[in-house]
S.K.: 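Okay, here's the structure, questions in a sec.
Ligands are counted one by one from 1 in listed order, and the atoms in each one are counted from 1 as well.
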Amino acid sequence: MAAHGRDAVVENEDRERIRCRLAGRRHAVVCGDRVRWTAGETEGGGGTITAVLPRTTELARLNLRGAAEPVAANLSQLVAVLAPRPAADFGLCDRYLAAAEWAGLRACVVVNKFDLPDAPALLAAATATYRAAGYPVVRASRDGEGGVSELAARLAGETSVLVGQSGVGKSSLTNRLVPGVEAVVREISEAASAGRHTTTASTLYHLPGGGELIDSPGVRDFAPPLPAPREIEHGFREIAAAASCRFADCRHLHEPGCAVAAAAADGRIDARRLASYRELLGLAEQLARPGSPRFRR
Ligand SMILES: Nc1nc2c(ncn2[C@@H]2O[C@H](COP(=O)(O)OP(=O)(O)OP(=O)(O)O)[C@@H](O)[C@H]2O)c(=O)[nH]1
Ligand SMILES: [Mg+2]
Ligand SMILES: [Zn+2]
């Protein structure tokens with residue numbers, strides 16, 4: 001349900017929660033993991049995680065040392081949350097969506113805080129970019145009638161993670177989507193961050209209509225571990241779909257007969273998405289060079 005370093009909250013079949021500690025040194029445990037555990041003999045009734053079961057999917061990020069670090073496991077869907085405030089970062093959203101593609105997750109984009117005056121303009125921009133790419137774009141707001149109904153329908157039956165910049169309203173949406181959870185969230189975040197209501201660890205909740213929702217800590221930036229250069233285009237589904245180029249190994253930079261460049265020139269592919277693709281391709285090629293230093297942010 002939640003993990004922080006070697007400490008985790010585990011839920012059993014009866015939905016009872018047990019504080020557990022991960023045994024051994026080699027493995028990490030993350031939110032969404034399925035684990036084998038044993039009840040502790042100690043007072044307080046904690047347990048020990050003895051094994052992390054194989055993951056069906058994994059969302060990971062590059063950490064500060066340039067190594068892949070799992071963030072959440074066994075997901076079926078990534079939900080990228082944008083808001084008018086803090087100002088939406090489409091490049092960040094592109095990197096999250098690419099991570100979802102490489103990890104084999106469904107993905108959608110939420111334009112949150114729809115009560116704010118500049119939200120309709122953001123929805124128009126996000127729709128133009130992401131619906132054209134093949135992603136559902138839904139509006140949401142923590143308040144008001146129907147504020148989360150469209151999103152709730154998207155989450156039903158899925159194991160979803162809410163991701164995005166700090167302050168876009170992920171926890172507020174979680175509170176609205178999971179009745180009765182608000183007090184717990186506030187309590188935990190106040191204890192952990194001295195009154196700042198910012199999420200410090202991913203936490204999994206059961207949705208009332210079925211399905212699971214993970215509220216994750218906001219980020220300032222996010223980079224996924226990159227696949228080989230040839231796989232980068234599969235992080236951008238509309239680019240991969242348009243890539244009937246003259247050369248089979250076209251990188252969609254400035255090659256003659258590039259179908260992707262042609263699609264961008266007549267507006268069928270968003271120029272900003274193509275720029276995000278080229279940026280990640282550049283990084284992947286840098287990493288693939290023999291003897292290249294590891295990617296640092
Ligand atoms: N106007 C408006 N403000 C909102 C809405 N949802 C959240 N907020 C405000 O946005 C701020 C951040 O909300 P959170 O839910 O804590 O955002 P978060 O994405 O969980 O932030 P991190 O945990 O730091 O990643 C708070 O001050 C909320 O009151 C909304 O729908 N409309
Ligand atoms: Mg939060
Ligand atoms: Zn091309």
S.K.: Below the 3.5 angstrom mark, is there an N/O of Gly169, backbone or side chain, next to an N/O of ligand 1?
M.R.: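 Yes, Gly169 has an N/O under 3.5 Å of an N/O on ligand 1.
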S.K.: Taking N or O atoms only and a 3.5 Å limit, does Asp115 qualify as a polar contact for ligand 1?
M.R.: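 Indeed, backbone or side chain, Asp115 has an N or O that close.
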S.K.: For a distance under 2.8 Å, give residue and atom name for each protein N, O or S atom next to the Zn ion (ligand 3).
M.R.: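 The answer is Cys245 SG, Cys250 SG, His252 ND1, Cys258 SG.
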S.K.: What residue pairs, at least two apart or across chains, pass salt bridge (charged side-chain N to carboxylate O under 4.0 Å, His left out) with a residue in residues 243-260?
M.R.: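 The answer is Arg251-Glu285.
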S.K.: Examine distances only and state if a side-chain atom of Ser141 and a backbone atom of Gly147 form a donor-acceptor pair shorter than 3.5 Å.
M.R.: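 Not a single qualifying donor-acceptor pair exists.
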S.K.: Measure from the side-chain N and O atoms of Arg176 to the backbone N and O of Arg142, and report whether any donor-acceptor pair falls under 3.5 Å.
M.R.: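 Here the side-chain-to-backbone pair exists.
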S.K.: Can you list the other members of the hydrophobic cluster that holds Val30, where links are side-chain heavy atoms under 4.5 angstrom apart?
M.R.: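 Listed partners: none, Val30 stands alone.
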S.K.: When only distance counts, is Ser216 in polar contact with ligand 1, meaning an N/O pair under 3.5 Å?
M.R.: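 In this structure, Ser216 places no N or O atom under 3.5 Å from an N or O of ligand 1.
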S.K.: For Val52, what are the other residues in its hydrophobic cluster, where any two members join if their side-chain heavy atoms are less than 4.5 angstrom apart?
M.R.: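 Val52 clusters with Val10, Ile18, Leu22, Val29, Val35, Trp37, Ile49.
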S.K.: Indicate yes or no: does Arg19 engage Asp7 in a salt bridge with an N to O separation below 4.0 Å.
M.R.: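 Salt bridge absent between Arg19 and Asp7.
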S.K.: Between Leu287 and Leu253, is there shared hydrophobic-cluster membership here, with clusters defined by ILVMFWY side-chain heavy atoms closer than 4.5 Å?
M.R.: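 Result: yes, single cluster for both.
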S.K.: Side chain or backbone of Val81 under 4.0 Å from ligand 1, or both, or neither, by non-hydrogen atoms?
M.R.: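 It is neither; nothing of Val81 touches ligand 1.
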S.K.: Give a yes/no answer: is there an N/O/S atom of Thr174 under 2.8 Å from the Mg ion (ligand 2)?
M.R.: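 False for Thr174.
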